[in-house]
Student: 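Take a look at this one; I'll ask things after.
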Amino acid sequence: MSWLPLSFGVPMVLWGLLALPVIWWLLRLTPPKPQTEVFPPLKILARVLKREETPHQSPWWLTLLRLLMAALVVTALAEPVFNPREKLPAEGSALALVIDNDWASAADWGKRVATAQRLIADASSNGVPVVIAFTAEKPNAEIGPFDAATALDRLRAAKPRPIPTDRPAIYARVAAALERLPGASVAVLADGLAAQGDEAAFNTLLSKNAARLVWATSDRLSLTGLTVADNQVDGFALTAIRAPNDPAPAQVTAGAFDDKGRRIADATLTFSPGESTATGTMAVPFELRNDFASIALDGEHQAGAVRVLDESSKRRRVGLLSQAEADQAQPLLSPLYYIRRALQPFADLVEPSSVDLADAIPQLLDQKPAMIVMADVGTIPEQVKQRLVDWVDKGGTLVRFAGSRLAAAGNDDDLLPVRLRTGERSMGGALSWTTPQPVTEFPKSGPFADLAPPAEVTVTRQVLAEPTPDIVERTWATLADGTPLVTGLKKGKGTLVLFHVTPEATWSNLPISGSFVEMLRRIVQLSRNQGAAIANAEAAAASLAPYRMIAADGDLVPPTPDARPLVPGAGPLPVTFENPPGLYGSETGVFAHNLLEADSTFALLDRPQISLPVTTVQYAFDESRNLKGVLVAGALVLMVLDTLAVFWMGGLLSRRPRRAAATTAAVLIALGALFGHADLARADDAKPGDAQAIEDIAKTRIAYVLTGEPGVDSISRAGLEGLTRFLIEKTALEPGAPAGVDISKDELSFYPLIYWPIDPAAPMPSQAAIARVDAYMQQGGTVLFDTRDQFANGIGADSTSPATERLRDILGDLNVPPLEPVPSDHVLTKSFFILPEFPGRFAGSPLWVEASLDASNTENRPVRVGDGVSPILITANDFAGAWAVDENGDPLLPTVPADPMQRIYALRAGVNIMMYMLTGNYKSDQVHVPVLLERLGQ
């Protein structure tokens with residue numbers, strides 16, 4: 001029996017409400033016990049003539065109270081539910097729960113979990129086991145069957161992954177588990193996106209042992225993904241896709257971010273009515289485009305809306321130089337014609353206005369190119385040669401092509417990768433015994449290693465390199481007879497490259513082949529320091545370590561423990577559980593591994609056409625509320641009121657006024673002793689906030705600064721709670737709960753240590769607040785500043801992080817003593833545990849303390865000036881992130897690197913810091929023990 005918005009689990013119990021009139025009649029016939037009083041004899045004689053009266057029925061208000069209490073109990077036993085939900089079909093031999101937890105599920109993951117929880121709850125009420133599997137987890141993850149409680153724990157532990165689903169493999173495992181459980185209900189919580197192999201996967205899952213299908217989907221698929229971010233001549237060309245179920249026009253905004261997360265450019269992409277693809281251009285200057293580290297769509301909190309960029313997405317400025325005049329009538333014979341055509345798609349080309357090398361080379365160098373290409377340039381003028389050599393040494397890439405001028409110019413050890421023989425070699429002519437030579441396999445140590453040798457390319461003339469012991473190491477491409485075609489040399493921070501043929505199709509047909517374009521593209525990628533490491537790694541097919549990963553919600557995060565090194569290849573690399581999307585490599589260079597390819601599209605997932613009974617539900621949070629507890633609590637309150645009313649009517653509350661007064665006085669005396677008041681009559685002298693102050697000093701508590709950023713403050717509190725647990729477990733100290741303090745108004749002197757996480761997004765403290773902190777430090781308190789930026793400088797960034805800059809601004813208004821990293825013999829290293837270093841969630845940053853600059857103790861005591869404690873500690877290792885635990889005591893954040901012992905050392909570091917705060921440098925007095933024993937004659 002149910003009606004909106006209230007339903008009852010046991011509606012038959014409501015028939016008990018018919019007994020309320022009977023209860024009314026019984027209560028009216030059984031009045032409460034009359035009040036009994038003992039009077040002195042004279043009082044009795046004075047009233048002896050009065051007629052004794054007894055109430056003949058219960059007062060109406062007491063009867064009404066009891067009837068209401070009975071009605072609440074009867075209604076509670078009927079198990080009422082406000083805003084009831086429909087019971088989902090979870091009967092049969094088992095419930096098989098198959099959930100898509102891929103990147104497309106991140107936006108509404110909470111609703112999916114709530115829907116799955118309702119299914120598990122219904123399975124629990126039916127007493128059936130649960131098989132639970134996720135389509136974007138490890139292939140060998142256990143799927144059950146489990147009992148309902150275990151299945152619910154696994155559901156709560158699951159999270160969306162930034163990878164596609166693998167329905168065929170997971171559905172096959174679920175079907176195998178159901179072979180022992182025929183007649184099961186199968187619930188498919190899909191992401192709404194179709195994938196390859198779906199039809200076969202559903203046939204495997206539902207064709208044998210399934211008795212019913214529960215199909216859960218979103219009411220509307222509103223995903224938008226970013227498939228292309230191509231750095232072109234006039235800007236970044238962007239392409240976004242959406243699901244084909246939305247005929248309305250729409251606009252999305254894309255933002256470009258640098259390696260520090262700062263937004264530096266915007267673009268708007270418009271979807272036409274009925275179109276699922278939108279394009280746009282982020283038109284910004286060339287120099288600004290090369291600072292792009294990632295591009296993301298606004299409002300899309302999923303991995304498909306983010307693309308990370310590597311060196312292949314950065315355009316270089318390339319200078320072109322030739323001593324030959326351009327022939328407008330015969331452009332195909334121009335030395336730079338094919339070079340321009342090959343470099344135009346992925347580089348910005350610049351050329352000097354003069355053909356005189358003495359003027360042309362400085363003009364090119366003034367434009368700061370990443371690479372300069374010289375087409376048959378002979379001798380370099382001495383007045384500009386040294387400047388060109390310095391440019392190469394500082395990181396420039398010089399590419400030279402052979403020709404008659406270079407062959408006659410002689411050797412140049414500073415600007416050629418190899419020494420050349422005088423003249424040139426001709427093959428296949430009338431006076432030659434040799435034939436034109438083809439190109440053989442590219443050497444494995446060069447940047448062209450993964451390119452296929454062009455079968456159609458032959459060479460008829462070339463300049464030859466002198467045979468030297470290192471000629472093989474400098475050869476990037478060879479002919480069939482073993483002579484070098486392309487040689488290269490690393491010089492300083494730059495690179496020298498020589499093509500031993502001309503750049504036009506006179507000595508070879510290489511310039512008119514597709515391989516010529518790819519070879520120049522690889523050299524352009526090598527023209528920057530970051531690109532060199534990754535290009536060489538690709539050529540050697542080496543594995544690249546995970547560097548920054550794209551989370552399921554689109555944020556860039558440190559690598560997860562499950563991520564494995566990536567081996568770049570020639571074709572598109574699949575996104576898998578072990579190789580999630582993100583950046584692979586190191587600070588010297590990264591490789592971008594994105595989720596969506598350029599030809600990716602979104603297709604809607606259709607419900608399988610089967611003969612089984614199907615129940616379709618929508619993802620939604622469970623808004624039903626069980627009212628049984630509220631009604632029982634209300635009945636208990638009425639029961640207490642009824643008991644007090646009976647006591648009052650029986651005179652119990654009015655007897656022995658002296659005893660009541662004595663009890664009241666005793667309570668007041670106890671309160672006076674607790675609050676330290678000497679005179680109870682002056683209880684009104686207590687000041688506001690005294691109770692809170694007494695609570696704050698009743699136990700030793702660690703404080704943390706409230707920054708105003710909810711995420712930072714919650715981690716600080718969880719971290720100090722984790723440290724408090726560890727202190728209680730390992731030491732005799734039993735601190736109270738951590739306290740969050742507002743440094744602008746809260747009393748700071750109650751706490752021996754205040755943890756201050758520096759967040760550049762938080763408001764800058766006022767001068768008055770900083771002055772209060774300075775006074776706290778001067779009076780013996782200690783502040784632990786944590787910038788948490790050990791790995792936050794960005795990709796290849798060497799500048800100071802925003803958190804460090806904020807810390808400098810704060811410390812600029814404090815009386816900060818000279819600082820030094822904790823010495824190896826400092827009390828902090830042995831106040832409780834023996835610790836050589838103080839790691840947190842990150843490792844590597846030192847812990848800074850007050851320096852002992854005036855030490856005069858010959859025994860070199862760790863704390864050499866007085867018995868004070870350093871008023872300031874500074875770290876960048878994120879102590880709170882390493883200490884933070886949830887309600888179950890499990891760590892909230894992973895350590896970087898993922899080493900379980902690093903978290904133990906971080907907690908030990910916290911214990912040492914607390915012991916140092918509370919006991920000072922007493923352990924440094926250990927050095928005097930031998931002297932004391934000697935004086936005592938022992």
Side-chain angles (χ1 to χ4, degrees), residues 700 702 719-720 722-733 735 751-757 777 780-788 790 816-883 895-897 899-932:
T700 300
I702 312 173
L720 295 187
L723 178 59
T724 299
R725 291 187 182 186
F726 194 81
L727 283 166
I728 295 174
E729 179 184 355
K730 299 296 183 181
T731 71
L733 178 64
Y751 311 104
L753 176 67
I754 297 179
Y755 176 81
W756 191 339
M777 295 168 61
T782 297
V783 180
L784 171 56
F785 294 93
D786 195 341
T787 59
R788 306 172 297 123
Q790 175 64 13
V816 179
L819 302 177
E820 66 178 356
V822 173
S824 60
D825 59 344
H826 198 276
V827 170
L828 271 172
T829 64
K830 54 189 174 183
S831 60
F832 194 89
F833 294 102
I834 303 299
L835 292 178
E837 56 185 0
F838 297 83
R841 183 163 170 250
F842 309 122
S845 174
L847 179 62
W848 295 81
V849 297
E850 179 181 5
S852 300
L853 300 180
D854 300 328
S856 58
N857 194 322
T858 58
E859 296 296 333
N860 192 24
R861 290 177 53 190
V863 177
R864 297 174 288 269
V865 181
D867 289 333
V869 175
S870 175
I872 182 172
L873 303 174
I874 301 177
T875 184
N877 285 336
D878 191 7
F879 280 166
W883 300 336
T895 60
V896 180
D899 182 6
M901 286 306 300
Q902 182 170 323
R903 193 180 307 279
I904 300 298
Y905 293 145
L907 289 168
R908 292 180 178 179
V911 171
N912 277 25
I913 291 174
M914 275 302 298
M915 292 303 170
Y916 174 59
M917 295 300 103
L918 299 175
T919 63
N921 64 340
Y922 80 99
K923 284 211 171 182
S924 65
D925 291 330
Q926 299 287 331
V927 298
H928 298 299
V929 170
V931 178
L932 295 175

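What you are looking at is a predicted structure, and each value in this text was computed from that prediction instead of being measured. Residues: numbered from 1 along the sequence shown.
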Student: Under the side-chain contact (heavy atoms from CB on, under 4.5 Å) rule, collect the residues that match up with Pro735, sequence neighbours excluded.
Tutor: Thr724, Leu727, Ile728, Leu733
Student: Can you sort out the partners of Phe842 under ring-ring contact (aromatic ring centres under 6.0 Å, His included), two or more places apart, ordered by chain and number?
Tutor: Phe791
Student: Output the distance between atom CE (Met777) and atom CD (Glu850), rounded to the nearest 0.5 Å.
Tutor: 9.0 Å
Student: Would Val783 and Ile872 count as a side-chain contact (heavy atoms from CB on, under 4.5 Å) here? Give the steps.
Tutor: CA-CA 5 Å; Val783 180; Ile872 182 172; 5.6 Å; no
Student: Any chance you could lay out the side-chain contact (heavy atoms from CB on, under 4.5 Å) test for Phe726 and Thr731, step after step, and finish with the verdict?
Tutor: CA-CA 8 Å; Phe726 194 81; Thr731 71; over 6 Å; no
Student: What I'd like to find out is whether the side chain of Ile913 reaches to under 4.5 Å of the side chain of Phe879, using heavy atoms alone.
Tutor: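 Sidechains of Phe879 and Ile913: in contact.
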Student: Under a 4.5 Å cut-off applied to non-hydrogen side-chain atoms, are Leu720 and Trp883 in contact?
Tutor: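 The answer is yes, as the side chains (C-beta and beyond) meet within the 4.5 Å cut-off.
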Student: Quick one: pull up CZ in Phe832 and CG in Asn912 and give me the separation to the nearest 0.5 Å.
Tutor: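 Here the rounded value is 8.5 Å.
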Student: I'd like to check Phe838 versus Asn877 (side-chain heavy atoms, cut-off strictly below 4.5 Å). Are they in contact?
Tutor: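 They are not in side-chain contact.
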Student: Could you report the tightest heavy-atom contact between Leu918 and Thr700, atom names first, then the distance?
Tutor: CD2-CG2, 4.3 Å
Student: Test side-chain contact (heavy atoms from CB on, under 4.5 Å) on Leu873 and Met917; report intermediate values, then the result.
Tutor: CA-CA 11 Å; Leu873 303 174; Met917 295 300 103; 4.3 Å; yes
Student: Rounded to the nearest 0.5 Å, what separation is found between the CG atom of Leu907 and the CG atom of Leu723?
Tutor: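 Those atoms lie 6.5 Å apart.
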Student: What's the separation between atom CG in Asp786 and atom CD1 in Ile874, rounded to the nearest 0.5 Å?
Tutor: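 With rounding to 0.5 Å, CG (Asp786) is 10.5 Å from CD1 (Ile874).
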Student: Which residues pass the ring-ring contact (aromatic ring centres under 6.0 Å, His included) test with Phe785, sequence neighbours left out?
Tutor: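 For Phe785 the ring-ring contact (aromatic ring centres under 6.0 Å, His included) partners, ignoring immediate neighbours, are Trp756.
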Student: What residue pairs, at least two apart or across chains, pass salt bridge (charged side-chain N to carboxylate O under 4.0 Å, His left out) with a residue in residues 908-920?
Tutor: none
Student: Hey, could you give me the OG1/NE2 distance between Thr829 and His826, rounded to the nearest 0.5 Å?
Tutor: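 One gets 8.0 Å once the value is rounded to the nearest 0.5 Å.
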Student: Do you know which two heavy atoms are closest between Gln790 and Ser845, and how far apart they sit?
Tutor: OE1-CB, 3.2 Å
Student: Locate the shortest heavy-atom distance separating Arg788 from Pro757; write the atom from each residue and the value.
Tutor: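 Closest heavy-atom pair between Arg788 and Pro757: NE-CB, 3.9 Å.
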Student: Residues two or more places apart in sequence or in another chain: which of them pass side chain to side chain donor-acceptor pair (under 3.5 Å) with Thr895?
Tutor: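 With sequence neighbours excluded, Thr895 shows a side chain to side chain donor-acceptor pair (under 3.5 Å) to no residue whatsoever.
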Student: So, does Gln902 use its side chain to make a donor-acceptor pair with the main chain of Gly840 at under 3.5 Å?
Tutor: yes
Student: For Thr782 and Ser870, indicate whether the former's side chain and the latter's backbone hold a donor-acceptor pair under 3.5 Å.
Tutor: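 Here the side-chain-to-backbone pair exists.
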Student: Residues two or more places apart in sequence or in another chain: which of them pass salt bridge (Lys or Arg N to Asp or Glu O under 4.0 Å) with Asp878?
Tutor: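 Expected list: Arg841.
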